[in-house]
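Computed from a predicted structure; not experimentally measured. Letters A, B, ... mirror the listed sequences (proteins, then strands); counts begin at 1.
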Number of protein chains: 2
Amino acid sequence: MRDSDIPEIRKLDLFSEMSDASFAGLIRGAYVQDFPPQIDLVTEGDPAGFLHVLMSGSAELYADWNGRETLMATVRPVSTFILAATIRDGPYLMSARTIEKSRVVLLPSTDVRTAFEQDHEFARAIVGELAMCYRSVVKDTKNLKLRTSLERLANYLIRSHLHAGAALEFDLLMEKRRLASFLGMTPENLSRAIKALRPYGVRIDGATVRITNMEDLKALSKPSALIDDYAT
Amino acid sequence: MRDSDIPEIRKLDLFSEMSDASFAGLIRGAYVQDFPPQIDLVTEGDPAGFLHVLMSGSAELYADWNGRETLMATVRPVSTFILAATIRDGPYLMSARTIEKSRVVLLPSTDVRTAFEQDHEFARAIVGELAMCYRSVVKDTKNLKLRTSLERLANYLIRSHLHAGAALEFDLLMEKRRLASFLGMTPENLSRAIKALRPYGVRIDGATVRITNMEDLKALSKPSALIDDYAT
DNA sequence: TTCCGAAGTTGACATTTATCAATTGTGTGG
DNA sequence: CCACACAATTGATAAATGTCAACTTCGGAA
């Protein structure tokens, strides 16, 4: 592990409040690996051996069933993933693979559980993190069940716009086929949805999005804090 | 509160391991209410004032957006609901209403957070509960994104069958319109899906389900532990 | 028991979404 | 710079799902 990795990990909400001793105990058993793109880090169904921390690059969490595959989430540095499986000592529910060349720190699940037993601050941080993750997925479910794919796309664009500091021109940050899978639609359908948003003041050229009429877009997408706001 | 309520609450996983003192602190501020059917207990967007414990009856968690409504989960006694909002001191993401006449214990969120700060065993139980809830919703999302409505129905029936002790004849436990909403489809579509399952060895008459050909049903529904098993 | 209203079903139809096939665009390695 | 592989788009069509309206069934209240 690089010396520079450790303070970066320490800064994460999950680890920032725990005792030095517990943190040291966690880091002691950790190891780091650099992965090329498109490498499977985790396979759903496997026992959760490690809590993963993505230090650089990017990864995706996806799920399979009956020959179909869907993108569940994209992970960007620096953040952890698959905490719940580690805590419950259960099988992974999602698979993970790198998108780009990525650097990952692996913390053995047993060490994580030990630290959690011994360090109340860490337990508290885990509670906060899990509650947030849970609420994110609930929002996701609402998004899927209450909205059409066009509405999901429109809201995704508004969220990206806000994420980009409310810029009216911003980047899609994801290949379109990935975005389609994330939004629960086919690439073809996404292509058509993008065209269908033109009358609502949206221009997408390659990976560049330009919003020319926020009023109309908002009238269509009706963003709601209880679905689209990641913070609450 | 009835005397008999307290040991019932104490027996829940969430509360069984905490200290007597912490539990007493929680119960001290609690109060109980009996509600008639179809009464709103919680409205999404409101600040999370209470952790709810359903003692008897039944309730549903649902979500609204843009005039549409969807059933997210059904709550049966004895269990708690809306823990994550309480913990994060955030707004409720779902609304809740009674289905039948129900008895509910209300624990003030501040008391829950205080107990969580002071009692490591309680914190540990919360972590376990939240991790399980999170994993349930992830399975839900996979169910929604990877399966058609017919497949969701087929798998729902198999889960109910297992829940009923693997009986080949069992009860639907829910009005069909509720089931339709839960599965993310219209009542009309559910009606047709039920007929479409007949060739696969399923007979549904009123609220009674009879599975006459488990092979065929399983061949269609392809149940997976990573979606359908609530325990993992 | 009868009646009423809501739930459930059915048919016709509209909309949404997926599938398949062909074509165009695009970024990367030689 | 070119060529290749793959992403993205487009058109045609099919399948899945929703909507609306009519009708039937069922359960509870008078």
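Taking atom CE of B/M174 as the reference point, atom P of C/dA7 lies 15 Å away to the nearest angstrom. To the nearest angstrom, P of C/dT17 lies 12 Å from CG of A/L144. We find that CG of A/L190 is positioned 14 Å from P of D/dA7, with the value rounded to whole Å. Taking atom CG of residue A/D205 and atom C1' of nucleotide D/dA8, one finds them 12 Å apart after rounding to whole Å. B/L146 places its CG atom 17 Å from the P atom of C/dT17, with the value rounded to the nearest Å. When the C1' atom of C/dT17 is taken as reference, atom CG of A/L183 falls 14 Å away, rounded to whole Å. What separates CG of B/L172 from C1' of D/dC26 is a distance of 15 Å, to the nearest Å. Distance, B/K195 NZ to C/dG8 P: 16 Å, rounded to whole Å.
Under a 4.0 Å N-O distance rule, the pair A/R103/A/D5 qualifies as a salt bridge.
If you check every strand for non-hydrogen atoms under 4.0 Å, A/E188 touches a base.
Nearest-nucleotide assignment on DNA chain C puts the 5′-proximal partner with B/R177, out of B/R177 and A/R147. Between B/K176 and A/G206, the residue anchored closer to the 5' end of DNA chain C is B/K176, taking for each the nucleotide with the nearest heavy atom.
The aromatic ring centroids of B/F50 and B/Y31 lie less than 6.0 Å from each other.
The base of D/dT19 is paired with the side chain of B/R192 by a donor and an acceptor separated by under 3.5 Å.
Taking 4.0 angstrom as the limit, B/T186 places none of its side-chain polar atoms (N or O) nearer than this to OP1 or OP2 of D/dT17. For C/dT16, neither phosphate oxygen OP1 nor OP2 lies less than 4.0 angstrom from any side-chain nitrogen or oxygen of A/T148.
Annotation for B/R203: atom CZ does not count as buried by contact number, only 12 or fewer foreign heavy atoms lying within 6.0 Å.
In this structure, the side chains of B/I211 and B/F170 come closer than 4.5 Å at one or more pairs of heavy atoms.
Checked against A/D228 for a salt bridge (Lys or Arg N to Asp or Glu O under 4.0 Å), the options A/K218, A/R152, A/R147 give a single hit: A/R147.
Checked against C/dA18, D/dA8, C/dT10, the side chain of B/S191 finds its nearest nucleotide in C/dT10. Considering only side-chain atoms of A/N189, the nucleotide from D/dG11, C/dG8, C/dA18 that sits closest is C/dA18.
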